[in-house]
J.: 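I have a structure here, written as structure tokens, and I will follow up with some questions on it.
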Protein chains: 2
Amino acid sequence: MATSTVENYLKATLLHEQENDGIVPMGALVEALGVVPGTVTTMVKAMAAQGLMEHESRQGVRLTPVGRALALGVLRKHRLVETFLVRTLKMDWSEVHDEAEALEHAVSNRVLERIDEFLGHPTADPHGDPIPNQEGVIADTATQVTMQGCAINKSLQVTRILDQSPDFLAYVQDTGLKPGTRVKVLRREEASGVVRCETKIGHEIALGLTAAAKIVVGAVA
Amino acid sequence: MATSTVENYLKATLLHEQENDGIVPMGALVEALGVVPGTVTTMVKAMAAQGLMEHESRQGVRLTPVGRALALGVLRKHRLVETFLVRTLKMDWSEVHDEAEALEHAVSNRVLERIDEFLGHPTADPHGDPIPNQEGVIADTATQVTMQGCAINKSLQVTRILDQSPDFLAYVQDTGLKPGTRVKVLRREEASGVVRCETKIGHEIALGLTAAAKIVVGAVA
DNA sequence: AAGTCTATTTTGAATACTCGAAATGCAAGC
DNA sequence: GCTTGCATTTCGAGTATTCAAAATAGACTT
Ligand SMILES: [Mn+2]
Ligand SMILES: [Mn+2]
Ligand SMILES: [Mn+2]
Ligand SMILES: [Mn+2]
């Protein structure tokens, strides 16, 4: 049984592998886990010895199939717990991350599957991030379109927030562009880099291209 | 910021203080926590140094007010989580203890109070054990009567199981004498030490005095 | 080729928890 | 009073995780 620390390293590595390609540099784990570089080196060596990851000296790490399976399990717990906290316990979608960060290590598979059933097998968490199923398969997100690249004047809805930093989450909360909200992109002003959209009819919001690129939109249900 | 280990020591000490009177011998903690005696001595000294308990050498320990307050918080988490797992996630009342044993250390107060509200502020867990309120006050249980001492031929219901060992829990499950079940004690055969009762009319069950003493009964709601 | 910069590794030490085994204190019995 | 027995403590050691600080390997410059 992997300790919480090991589970956190696995999840951080998986997340980085998903966002970027190839090997995960040690520095990425230093950043994600908030520890000093030497600590990561020590932990990584231990985990490599356990067969959870491969360590290329001076390069970084890569999950082994065993490590990836475990990491997907942790990610599934994290996202199902977040969904549960928001949907069932009515917690604010912007405050559940830290809670899930701790609970993901304490929820057994038995409890997890009851939660999954209770929620009706959701496929995305409150931030719109896909929830791996029991076999570790994640729904395809390659075709997702952001407010930076979506169709103009089409009625859509926010389905996912790609930047989970407290700052951006607060911004999304403010503008009301939370997952589930209806939006229509009115026009993009190339020169200024401003994207204009409306949530309620007549209520116009302007946001920068970088922000727009972090908000995934999709067809309304 | 007590670690899970410290929280477990606190809870075990509180539970022993509640069942018995006076100082808690080291051996009781050895037993409850499943560690060797030397480990308890080490931990107890560390916790005494932190002001969580008082350690009388060769005698045992006693919680300080600070330690007791923390212990009550852990107990509250444990019992509310158990209640939640049974009532909301439909888990078996006999299998929730181990889950709660881990979750009690991962559930934040914020999440706990949402669970408490969601459940409608329950006062007893699935085993009938009282749930401390937010201030650490536990409902009085001094007046509780067991099947060993209750009135004869009176329609009652099981309200609490005092022995939580897997064996006894399985026995209770078998006989159907779970909390909530209606029972009527028909007679007690002093000589043989057999207590005869019925759950459904016409369905008679015989149990020993020791078992009867572990099943608390009360008036039907 | 030599120098510089930065990511990573190494080293030494600390904290929290644990064990096994040896030592010890104390109460009870002889 | 001395011996036993059991509970408790002490001692030495190991695992997991962490940090600070010094050493080093590579990549990138000049
Ligand atoms: Mn975590
Ligand atoms: Mn999320
Ligand atoms: Mn516990
Ligand atoms: Mn209970």
Side-chain angles (χ1 to χ4, degrees), chain A residues 1-13 16-17 19-63 66-67 70-71 74 101-102 104-106, chain B residues 1-13 16-17 19-63 66-67 70-71 74 101-102 104-106:
Chain A
M1 298 318 162
T3 62
S4 327
T5 303
V6 166
E7 289 187 341
N8 283 334
Y9 274 76
L10 289 171
K11 180 161 64 89
T13 308
H16 194 278
E17 281 189 348
E19 294 299 310
N20 313 270
D21 47 345
I23 205 160
V24 179
M26 306 301 271
L29 296 180
V30 167
E31 173 75 31
L33 296 159
V35 291
V36 301
T39 302
V40 170
T41 302
T42 305
M43 279 303 299
V44 154
K45 280 186 173 177
M47 290 173 70
Q50 289 185 243
L52 302 176
M53 35 175 67
E54 283 168 31
H55 179 208
E56 306 280 344
S57 194
R58 301 266 161 194
Q59 301 284 286
V61 293
R62 221 185 301 275
L63 290 174
V66 173
L70 287 175
V74 180
E101 202 55 55
E104 66 191 357
H105 312 293
Chain B
M1 310 305 146
T3 63
S4 324
T5 303
V6 167
E7 290 188 338
N8 283 333
Y9 274 74
L10 289 171
K11 181 161 63 89
T13 307
H16 194 279
E17 281 188 350
E19 295 297 310
N20 313 269
D21 47 343
I23 204 161
V24 179
M26 305 301 270
L29 296 180
V30 168
E31 173 75 29
L33 296 159
V35 291
V36 301
T39 301
V40 170
T41 302
T42 306
M43 279 302 299
V44 154
K45 280 185 173 176
M47 290 173 70
Q50 287 184 244
L52 302 176
M53 35 174 69
E54 284 168 30
H55 179 210
E56 306 282 343
S57 195
R58 301 265 162 194
Q59 301 284 286
V61 293
R62 224 186 297 276
L63 289 173
V66 173
L70 287 175
V74 179
E101 202 54 55
E104 65 191 359
H105 312 294

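Residue numbers begin at 1 in each chain, while the letters A, B, ... track the order of the sequences.
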J.: The test is side chain to side chain contact (heavy atoms under 4.5 Å, CB included); show your working for B/M47 and B/L10 and say whether it passes.
T.: CA-CA 9 Å; B/M47 290 173 70; B/L10 289 171; 3.6 Å; yes

J.: Want to settle it: does B/R58 or A/V35 sit nearer the 5' end of DNA chain D, counting the closest nucleotide to each?
T.: B/R58

J.: Under 4.0 Å between a side-chain N or O of A/H55 and OP1 or OP2 of C/dT8?
T.: no

J.: List in chain and number order the residues that pass side-chain hydrogen bond (donor to acceptor under 3.5 Å, both in side chains) with B/E56, two or more places apart in sequence or in another chain; answer none if no residue qualifies.
T.: none

J.: Pairs of donor and acceptor atoms involving the side chains of residues 19-41 of chain B, under 3.5 Å and at least two apart or interchain, shall be tabulated with distances.
T.:
unit_1	atom_1	unit_2	atom_2	d
B/N20	ND2	B/H16	O	3.0
B/N20	ND2	B/H16	ND1	3.4
B/N20	ND2	B/H16	NE2	3.3
B/T41	OG1	B/P37	O	3.3

J.: For chain A and DNA chain D, what are the first and last nucleotides along the strand, 5' to 3', with at least one atom under 4.0 angstrom from a heavy atom of the protein chain?
T.: D/dT17 to D/dA25

J.: A/E31 CD to C/dT8 P: how many Å, rounded?
T.: 12 Å

J.: Do A/K11 and A/E101 come close enough that some side-chain heavy atom pair is under 4.5 Å?
T.: yes

J.: Going through the checks in order, is the side chain to side chain contact (heavy atoms under 4.5 Å, CB included) test met by A/M43 and A/V6?
T.: CA-CA 8 Å; A/M43 279 303 299; A/V6 166; 3.9 Å; yes

J.: Would you sort out whether A/V66 and A/Q50 count as a side chain to side chain contact (heavy atoms under 4.5 Å, CB included), showing the intermediate values?
T.: CA-CA 10 Å; A/V66 173; A/Q50 289 185 243; over 6 Å; no

J.: What is the distance, to the nearest angstrom, from the CD atom on A/Q59 to the P atom on C/dT9?
T.: 9 Å

J.: Could you state the CE-C1' distance from B/M47 to C/dT18, rounded to the nearest angstrom?
T.: 16 Å

J.: Taking only residues two or more places apart in sequence, or in another chain, which ones meet A/H55 in a side-chain hydrogen bond (donor to acceptor under 3.5 Å, both in side chains)?
T.: none

J.: According to side-chain hydrogen bond (donor to acceptor under 3.5 Å, both in side chains), who are the partners of B/Q59, at least two apart in sequence or on a separate chain?
T.: none

J.: For A/G27, which contact category applies under a 4.0 Å heavy-atom criterion: base, sugar-phosphate, or nothing?
T.: sugar-phosphate

J.: Please tabulate the protein-to-nucleotide N/O contacts below 3.5 Å involving nucleotides 13-17 of chain C, giving atom names and distances.
T.:
unit_1	atom_1	unit_2	atom_2	d
C/dC17	OP1	B/T3	OG1	2.4

